[in-house]
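Heads up: the structure comes next, in structure tokens.
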Amino acid sequence: MTAPDHDADVLRAGVAGTPAADAPAGQAPEQTRDGARRLHLFAYLQAPEHRTYLAIMRLFTSTLLADLSAGEVAAALAAAEREGRVAPGESHVDTVIDRLKQLVRWGNLVVGRRETIAASIAEFQHGSVRYQVSKLAVRVQRDVDALLNVPEGAREVSRELLPAIDRGLSGIGQLLSAALSAERRDPDGKPARQARERLAEQVTTVFLQHAELAATVRDFYAYLGQVMTRHQLAPEEISGFRNLLVEYIQMVVEDVLRHTGTIAASLAGLAGARGELLRLLGPADQLGTDVERARGRTAADWQELTDWFVDSPGRPSQVAALREATARAIGSLLASVKRATSGGGLVPGRRGELLRLAKWCDEADEEQAHRLYAAAFGLHSSRHLLPAPDYDSDNERVPWRDGPVQDVAVSVRSRGDRGARGRTSRVLDDPMTEETLLAEAREADQRRGAAVAELAAARLPDQELSGDALNVLCELLTLAMAQREGTEDTGSALDPVHRLRVTVRHEPGRRTCVRSASGTLTLEDTALEVAGDGEIPSAEPTGTAR
């Protein structure tokens, strides 16, 4: 039977014609479509049926060139269903077909076809449509399985790779010289081909070793940073981390620093011959142009390797970052040890008491838990005669665990009191800042004096004011209006420094408009008077009393 499979054609057309999301401004639609499609590869990890999807993807990635039909996948899922690794009913062939089609829409699987001998149309439809895993889906599933198998503890740093990288870079220089010599003698001869193969083998080995070393260093320091963020550590944890930092990290840093010099020298020697090195490694013409090449075949790969060991202007190397991270980790450990061993209280910290109280509350019923909480923290329900809380959003029906969270100071957690510690730091004399502030104050006084003088000399409301003069007028106008008891009263305000008075009187039907560069101020049923010369009065001379 060779009837066409309509479902397979629909799946292919649907995947190929999936529209892209709205592309942001300035970004090519092809890049947006490809990025969205790749992100869909992770969709099955958060789906409600993720256990079934994981079992299907592990089945496809367990062998090379897996080409399976829906019936074969259903037969494999039947064993997983009997063992309880997937939900009941997930091994039914119709359910499996739906799961496979969804994986095709996400891009994890691709649809194939081959000739099938079948006794019925249903059997042909189940057997003729074959499914294969895509390249990117293999990487996703490989990373997922690796993540699920990673332990929570620290990862050992592969520091034994440092001398191997050092020897490998030195060997690349020797192999490069040998390959160039063999190429000059006979470019197409067997010795030249063997020399290029040995050179490519050494380059691949060095970059694989560096990738493993960099990954272990990142994982180890990520775990270390996660631990150092904790404020309270148990005594046995502090002892373990002390050994980890003082002994293990010191050994790692010493190994890195010992080999960094020779590695940097080897990289500097290869920098001049990098063009010849990349030419000898050559492109993979037999695989086409759109191919993912091994590390070390581009100038960017070598620059990344160099930046890991060698500092550049404005960009410190990863070796420098490793030393800095180690210093911060040791400082955090010392701070934790100081908090735990400080003599501010009867015990190093309140962590043990809080854990014991949490255990009691976990083992008690609801009534006993409330009594334990009230006895431990002295907080009772709102039915007690206590002062009203500062907030009014909760009431007696809100449990204490759902109420607002109160921040507890470090001194209260560690010592149980709110007393201040240490001495007040002395005030430093900063003449440059003092002179700057005095200059700013003088400039502000000059600007206000000029604004008051402009306001005193202006003929309101005909003359237009500047922004500073309008601000002074609004300030005095606000004080004058504040003195009035009613709208029909008269109010005045005086600037005692510049001898300027502003008076406001009520006059029905009169509109006063004051124009300025910032806008127009309009006063309804109001008369405005400005009196004074705006000058600062000079000190009167002292004379002899008669």
Side-chain angles (χ1 to χ4, degrees), residues 139 142 146 155-185 187 189-221 248-284 286-287 291-312 315-323 325-326:
R139 289 197 175 187
R142 183 175 60 199
R155 181 180 181 181
E156 182 182 3
V157 178
S158 301
R159 57 188 183 87
E160 64 275 1
L161 295 177
L162 283 166
I165 295 174
D166 191 0
R167 292 191 301 269
L169 289 174
S170 301
I172 289 176
Q174 299 173 2
L175 292 174
L176 178 59
S177 301
L180 291 175
S181 301
E183 186 183 34
R184 284 192 296 268
R185 290 192 299 268
K190 183 177 180 181
R193 291 197 306 270
Q194 292 178 347
R196 287 194 296 268
E197 290 176 358
R198 288 194 297 269
L199 178 63
E201 175 187 351
Q202 189 67 26
V203 169
T204 301
T205 302
V206 168
F207 275 87
L208 288 177
Q209 292 170 344
H210 174 259
E212 178 65 18
L213 172 66
T216 56
V217 169
R218 286 194 300 267
D219 292 346
F220 177 78
Y221 278 87
Y248 187 74
I249 290 188
Q250 183 179 1
M251 183 170 51
V252 171
V253 173
E254 288 178 354
D255 288 348
V256 171
L257 295 179
R258 183 168 61 252
H259 294 282
T260 297
T262 55
I263 291 176
S266 300
L267 291 172
L270 292 174
R274 186 178 298 177
E276 294 293 331
L277 175 62
L278 297 178
R279 183 184 62 81
L280 289 176
L281 295 176
Q286 64 274 19
L287 296 179
V291 58
E292 181 184 2
R293 303 206 61 198
R295 296 291 306 279
R297 270 62 177 174
T298 61
D301 296 337
W302 284 95
Q303 187 62 41
E304 182 182 354
L305 178 63
T306 304
D307 293 340
W308 207 94
F309 290 98
V310 182
D311 294 332
S312 59
R315 180 182 296 178
S317 63
Q318 292 297 315
V319 175
L322 188 145
R323 291 198 301 264
T326 302

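For this chain, numbers begin at 1 and follow the sequence in order.
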Should Leu278 and Trp302 be marked as a side-chain contact (heavy atoms from CB on, under 4.5 Å) after you check the CA-CA gap, both sets of side-chain angles, and the distance that decides it? CA-CA 10 Å; Leu278 297 178; Trp302 284 95; 3.9 Å; yes
side-chain contact (heavy atoms from CB on, under 4.5 Å) assessment of Gln303 paired with Arg274: CA-CA 10 Å; Gln303 187 62 41; Arg274 186 178 298 177; 3.7 Å; yes
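Taking the side chain as every heavy atom from C-beta outward, Trp308 and Ile263 never approach each other to under 4.5 Å. Within the 4.5 Å cutoff, no side-chain heavy atoms of Val217 are placed close to those of Val252. Counting heavy atoms from C-beta outward, Gln202 and Arg198 have side chains that stay 4.5 Å or more apart. Taking 4.5 Å as the limit, every side-chain heavy atom of Ser181 sits out of range of all side-chain heavy atoms of Glu183. By the 4.5 Å heavy-atom criterion applied to side chains, Leu175 and Val203 are not counted as neighbours.
To the nearest 0.5 Å, atoms CG (Leu162) and NE2 (His210) are separated by 9.0 Å. Rounded to the nearest 0.5 Å, atoms CD (Gln209) and OG1 (Thr204) are 11.0 Å apart. Residue Glu201 holds its CD atom at 12.0 Å from CD of Gln194, rounded to the nearest 0.5 Å. Atom CD1 of residue Ile165 and atom NE2 of residue His259 lie 10.0 Å apart, to the nearest 0.5 angstrom. Atoms CD1 and CZ, on Ile172 and Arg167 in that order, are 13.0 Å from each other to the nearest 0.5 Å.
Nearest approach of Val253 to Arg323, heavy atoms of both residues: CG1-CG, 4.4 Å. Shown here for Ala200 and Arg297, the closest heavy-atom pair between the two residues is CB-NH2, 3.4 Å. Considering all non-hydrogen atoms of both residues, Pro187 and Ala192 come closest at O-CB, 3.7 Å. Closest heavy-atom contact between Phe207 and Asp301: CE2-O, 3.5 Å. Taking both residues in full, the closest heavy atoms of Gly296 and Leu281 are given as O-CD1, 3.3 Å, listed atom of the first, atom of the second, then distance. Here the closest non-hydrogen pair linking Ala273 and Leu176 is CB-CD2, 3.7 Å.
Salt-bridge annotation for Arg279 and Glu276: present, with a side-chain N of the basic residue lying under 4.0 Å from a carboxylate O of the acidic one.
Each of Asp166, Thr216, Leu213 was compared with Leu161 under the side chain to side chain contact (heavy atoms under 4.5 Å, CB included) criterion, and only Leu213 meets it. No option in Asp255, Thr262, Thr260 other than Asp255 meets the side chain to side chain donor-acceptor pair (under 3.5 Å) test with Arg258.
A donor-acceptor pair is defined here as one N or O able to donate and one able to accept, closer than 3.5 Å; no such pair exists between the side chain of Asp311 and the backbone of Pro316.
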